[in-house]
A.B. asks: 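Here you go, one structure.
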4 protein chains.
Amino acid sequence: MDQSDRSRGRPRDPAIDDAALRAARELLVEVGWDKLSMVAIADRANVGRPALYRRWPSKTHLVFEAVFAWQDAPTPVLDAPTSSDWVRGSFAYTTELFQRPEVRAALPGLMASLRDHPELQSALWKEFGRPGLSSLESLLRAEGSTTPATDAQATMVLVIGACLVTSLLGGSPTVTDRLPHLLRTNADG
Amino acid sequence: MDQSDRSRGRPRDPAIDDAALRAARELLVEVGWDKLSMVAIADRANVGRPALYRRWPSKTHLVFEAVFAWQDAPTPVLDAPTSSDWVRGSFAYTTELFQRPEVRAALPGLMASLRDHPELQSALWKEFGRPGLSSLESLLRAEGSTTPATDAQATMVLVIGACLVTSLLGGSPTVTDRLPHLLRTNADG
Amino acid sequence: MDQSDRSRGRPRDPAIDDAALRAARELLVEVGWDKLSMVAIADRANVGRPALYRRWPSKTHLVFEAVFAWQDAPTPVLDAPTSSDWVRGSFAYTTELFQRPEVRAALPGLMASLRDHPELQSALWKEFGRPGLSSLESLLRAEGSTTPATDAQATMVLVIGACLVTSLLGGSPTVTDRLPHLLRTNADG
Amino acid sequence: MDQSDRSRGRPRDPAIDDAALRAARELLVEVGWDKLSMVAIADRANVGRPALYRRWPSKTHLVFEAVFAWQDAPTPVLDAPTSSDWVRGSFAYTTELFQRPEVRAALPGLMASLRDHPELQSALWKEFGRPGLSSLESLLRAEGSTTPATDAQATMVLVIGACLVTSLLGGSPTVTDRLPHLLRTNADG
DNA sequence: TACTAACCGAGACGGTACGTCTCGTCTTCCC
DNA sequence: GGGAAGACGAGACGTACCGTCTCGGTTAGTA
């Protein structure tokens, strides 16, 4: 079944995927999201424009995959012993990701375009949020939280949001380092 | 001098400003930032395109004014007795603001453009961030924080970031209500 | 009425019409109909592509006007004293027209495209065929033809067809010169 | 040698030739030459595109064969007793041929492409023009023409041209029937 | 019977033209 | 001099077709 599907016609050249994604990342940091165009990516990657449209239905999808290249670090498993450790680790990971030049360049435009592509929204959440969220929830339950699911989600919202603001508007390391200390993880009030 | 400059010739029709800003707000929630075009604004407002460019140098400036300089009570006075009250009030205010349809629609695109328009960034900060920040700093200092300035900035980053994420990706009221409790305001650890 | 229509907005730049038509004629003889593209015309004429589409709905319309630039010699009045003179003059005029390099280059492609543009077909006939046809009909009637209208049309078909074949497939001057003698203009058999 | 070359490997499927030529004829009358594409022919014939390019080097060659090499009696023998009979017979034959729907559809585009494919031009001439031309020349010489070769060529140009124009631009039967009478075959003036 | 060369479809490839769209500016006439 | 209408150059968009290629698989004839 999949055999017949797989073998029909000339297979796509995987080198084109790589070249296009790399070109997108490079152009992103060079010219920014607004001035990034499919034709520029195609030219830089030495690839025909139809080859791009064959793979990604829009610039948003292409950049989304170019920026969040999950595959090499598929899931940053957070095996933190306590919720405080989880928060610290999560801040470190998210900050590093959001400080990459191509991510900084892509983030705002990507979020603006995400509006028209719900499937990317859910993909983002599934790949990025789910795994860490459940581990945090377990930690909070073990530590006695009465609403571990809600607390875990709220904590993640705070972490991601703070890193987002820092990435977009800039932020001094002094402030960034202070962030983890301002989150309480046993707030049963 | 500017008086004479200002008074020469036919004065600008203020009705055009209103119509353009209203049209921008409406279109923003209807089609989103990406698909918002100057020609669409001009058409909806029954106004010529040059009239828009005479008033605002770019789409970003127009939308910025349409979304933020719209309200009659621009300065939200926060006279909170404690830092916890400040956090609660700030969350309430920011959440309400970021949940308005036109703000939700404009936010990501606006953030993308803020990078290219530092004057808007500083205007936004002055109008929006500064007042609350200094009041929080005073509260924290009074409550014994050793680094009130850093803590105030970090707290504000967390508040704004969390509201941003909630606004962009959606968030259940349960989680939103939980956010203020997860911020500690006396973290001297 | 036409006053208001005429005066609304910026008028079209007539220099663009000239430049585009000239560029089309030049490119026609240089690269031929098949390789003639709107973008090439726009580039050669130093004109934006939308300016072309604003004026002509298709490449066919543009080339049609570029090739049959009637305006300078609006109607080749054939004041021939006899039908034989008319045939000779008509051959001379049509041969000259169909031997122009740009016409030779455009003719076959134009005729292939004419299929999809009936309005150009009728325009061609009205501008090109009608005037000469009626004068020939008068001559034939004066010379005693019993079916002057039919004879005039048939004669014109022969003249145009022969020039068309000569233009497309080439033809020695010996043969070309012989053509007028082979048409009888008083065939009452 | 060519025998071994020809017979090695799987022989070409003759059904593909037929299906492709039939599809080309059908599409020709449906969409016209300009909008005729190889992919459309391949799809209609349920055939892969490479199978077409294996058989014909270009769209022109394919359509040429589809339109002209289709008939079973390729050589129209003209054994006319007089040059007038020849003209009448030639008109009848050519008119019939040029009025076939697929020929009408193919003619202009084919003529446009003939310029770029001299081998097709000569093939067309050999198959189509030569035989009739030499027979007419013999008749004219027998009837006393002083320049039978030139007269024969010119006559053929007139016949083909008139039928071409009639086919392309349409023509009433009244006019078409009149055409043969307007050709003089003994013009020694 | 096995080999093998040429066929077959499907479909990806780089390239290129298409016609449309939006941008921000300019030019015209009217008020 | 403001305002509307709309043309302007520039350039990205997404689609279509071109002619070539690369697949996995098929179909003969030859060994």
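Lettering of chains follows the sequences in order, A, B, ..., and the numbering in each one begins at 1.
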A.B. asks: Expressed in angstrom and rounded to an integer, what is the separation of B/Met38 atom CE from F/dA4 atom C1'?
C.D. replies: 16 Å
A.B. asks: What is the minimum heavy-atom distance between A/Pro108 and A/Leu168, and which atoms define it?
C.D. replies: CG-CD2, 3.4 Å
A.B. asks: For the side chain of C/Ala51, counting heavy atoms from C-beta on, which of F/dA4, F/dG9, E/dT22 is nearest?
C.D. replies: F/dG9
A.B. asks: Mapping A/Leu36 and C/Asp17 to their closest nucleotides on DNA chain F, which lands nearer the 5' end?
C.D. replies: C/Asp17
A.B. asks: Let's see if you can work this out: which of F/dG9, F/dG3, E/dG11 has an atom nearest to the side-chain heavy atoms of B/Asp13?
C.D. replies: F/dG3
A.B. asks: So, do A/Asp116 and B/Trp33 sit near enough that their side-chain heavy atoms are less than 4.5 Å apart?
C.D. replies: no
A.B. asks: Would you kindly give the CG-to-C1' distance between C/Asn46 and F/dA7, to the nearest whole Å?
C.D. replies: 17 Å
A.B. asks: Write down the distance between CG (C/Asp43) and C1' (E/dA17), rounded to a whole number of angstrom.
C.D. replies: 12 Å
A.B. asks: Checking contacts here: which listed nucleotide (F/dG19, E/dC13, F/dA4) is nearest the side-chain heavy atoms of D/Tyr53?
C.D. replies: F/dG19
A.B. asks: Please state whether the base of F/dC23 and the side chain of A/Arg10 form at least one donor-acceptor pair under 3.5 Å?
C.D. replies: no
A.B. asks: Does A/Arg8 make a side-chain N or O approach to OP1 or OP2 of E/dA10 shorter than 4.0 Å?
C.D. replies: yes
A.B. asks: Which is more 5' along DNA chain F, the nucleotide nearest A/Pro57 or the one nearest C/Arg12? Just name the residue.
C.D. replies: C/Arg12
A.B. asks: Strictly below 4.0 Å: does A/Arg54 bring a side-chain N or O up to OP1 or OP2 of E/dC13?
C.D. replies: yes
A.B. asks: Within the side chain of A/Arg54, is there an N or O that forms a donor-acceptor pair under 3.5 Å with the backbone of A/Arg12?
C.D. replies: no
A.B. asks: Should the side chain of D/Arg49 and the base of E/dG9 be counted as holding a donor-acceptor pair, with the cut-off at 3.5 Å?
C.D. replies: no
A.B. asks: May I ask you to verify if any side-chain N or O of D/Arg55 is less than 4.0 angstrom from the OP1 or OP2 atom of E/dC8?
C.D. replies: yes
A.B. asks: How long is the line joining CH2 of B/Trp56 and P of E/dC23, in whole Å?
C.D. replies: 15 Å
A.B. asks: Rounding to a whole Å, what distance do you find between B/Leu52:CG and E/dT25:C1'?
C.D. replies: 14 Å
A.B. asks: Between E/dG14 atom P and A/Ile16 atom CD1, what is the distance in whole Å?
C.D. replies: 4 Å
A.B. asks: Go through E/dC18, E/dT22, E/dT16 for me and flag the one nearest to the C/Lys59 side chain.
C.D. replies: E/dC18
A.B. asks: Provide, to the nearest angstrom, the distance between the CG atom belonging to A/Asp34 and the C1' atom belonging to E/dC23.
C.D. replies: 12 Å
A.B. asks: Quick check: do D/Glu26 and D/Arg22 have side-chain heavy atoms less than 4.5 Å from each other?
C.D. replies: yes
